[in-house]
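In this text the structure is predicted, and so the values were computed from the model without any measurement.
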Amino acid sequence: GLHETSGRTGRFVALNMGSMDPNLANSELFGHKKGAFTGAYKDKPGAFEDAQGGTLFLDEIGDVPMDVQRTLLRVLQDHKFTPLGATSSVDADVRVVAATNKPLRAAIEKGEFRLDLFERLRQLAITVPPLRGHRTDIPLLFTHFLAEQTREHPELLWLWADRVQPDTPPVPLSFVLDLMCRTWNGNARELKNVVAGTAAANLESRVFQTPERIVDMPSAERPPAPTPWPLPGPGPSKNAREMTTNELRRLYEECAYNQAKLALYLDVSRPTVIDWLAKAGIRRA
């Protein structure tokens with residue numbers, strides 16, 4: 001999103017610093033010339049050159065070796081880099097975006113990360129809360145990851161287009177609400193893996209199957225606060241106060257007769273849901 005809305009015409013290049021061989025880090029970042037070291041049979045551009053005019057994303061920046069931190073700092077200060085084996089520097093027209101899940105201030109105190117590099121990188125700091133800190137995004141992310149799986153496996157299109165029963169979404173509301181109540185220690189990556197498992201469980205099916213892994217995942221200590229959010233599939237067709245008794249009964253059943261989950265979906269308080277159910281004469285099965 002940062003790159004797409006920046007107006008930059010160059011490429012977006014992502015580099016995982018955590019999985020990089022420390023001995024090859026400088027070559028990966030800045031490239032090398034033919035003959036720079038044993039095995040360098042031809043010129044190779046680095047990530048900074050590939051991202052010229054665009055954006056370079058350095059993931060797991062907290063894992064960068066100290067000597068590479070020193071070189072990276074110099075590039076950020078001078079806006080120039082020198083490929084290994086080169087005799088002249090190259091101007092760097094690159095927007096650098098870095099991310100880490102490590103507490104960098106603690107790493108600075110331990111001498112594992114340079115303070116000057118930290119300050120250079122944090123010109124604009126964006127703190128991304130853990131997934132459990134913005135649960136209302138889970139249905140959106142679920143839909144996004146499911147769309148990716150559908151592009152790879154078109155046979156999953158029934159999850160979007162067909163209906164197992166009239167007016168019932170193929171992906172049950174209770175399943176999505178259950179996802180919202182999980183702890184997600186692995187954040188969005190864990191959710192992506194769960195969606196991949198959901199897709200695998202439904203490749204051969206026309207009736208939604210819940211992947212076994214969901215049963216073993218830990219739930220949060222308390223359900224999320226009531227907040228409006230969209231679902232993958234049809235949500236309420238009208239204002240909750242205008243719903244028919246049958247619609248309210250169906251949603252209550254989809255929520256496994258959990259009043260807190262129903263309140264979350266309808267974006268009202270739990271006492272309001274209890275009042276509506278009582279006036280409609282709907283009791284738990």
Set of residues satisfying salt bridge (Lys or Arg N to Asp or Glu O under 4.0 Å) with respect to [X], sequence neighbours excluded:
X	value
Lys44	none
Asp78	none
Arg114	Asp116
Asp275	Lys279

**Item:** Check: Asp91 main-chain N/O paired with Gln52 side-chain donor or acceptor under 3.5 Å
**Value:** yes

**side-chain contact (heavy atoms from CB on, under 4.5 Å) against Pro130, all qualifying residues, sequence neighbours excluded** = Arg132, Asn187

**Request:** Would you please name every residue forming a side-chain contact (heavy atoms from CB on, under 4.5 Å) with Glu148, sequence neighbours left out?
**Result:** His144, Phe145, Arg151, Lys192

Applying side chain to side chain donor-acceptor pair (under 3.5 Å), can you list everything that pairs with [X], at least two apart in sequence or on another chain?
X	value
His134	Asp137
Asp50	none
Asp93	Arg8
Glu112	none

**Item:** salt bridge (charged side-chain N to carboxylate O under 4.0 Å, His left out) contacts in which one or both residues fall within residues 54-64, not counting sequence neighbours
**Value:** Asp59-Arg189, Asp63-Lys102

List the atom pairs, with distances to 0.1 Å, where a side-chain N or O of residues 25-33 and a protein N or O form a donor-acceptor pair under 3.5 Å, not counting sequence neighbours.
from  : atom 1 : to    : atom 2 : distance (Å)
Ser27 : OG     : His32 : ND1    : 2.8

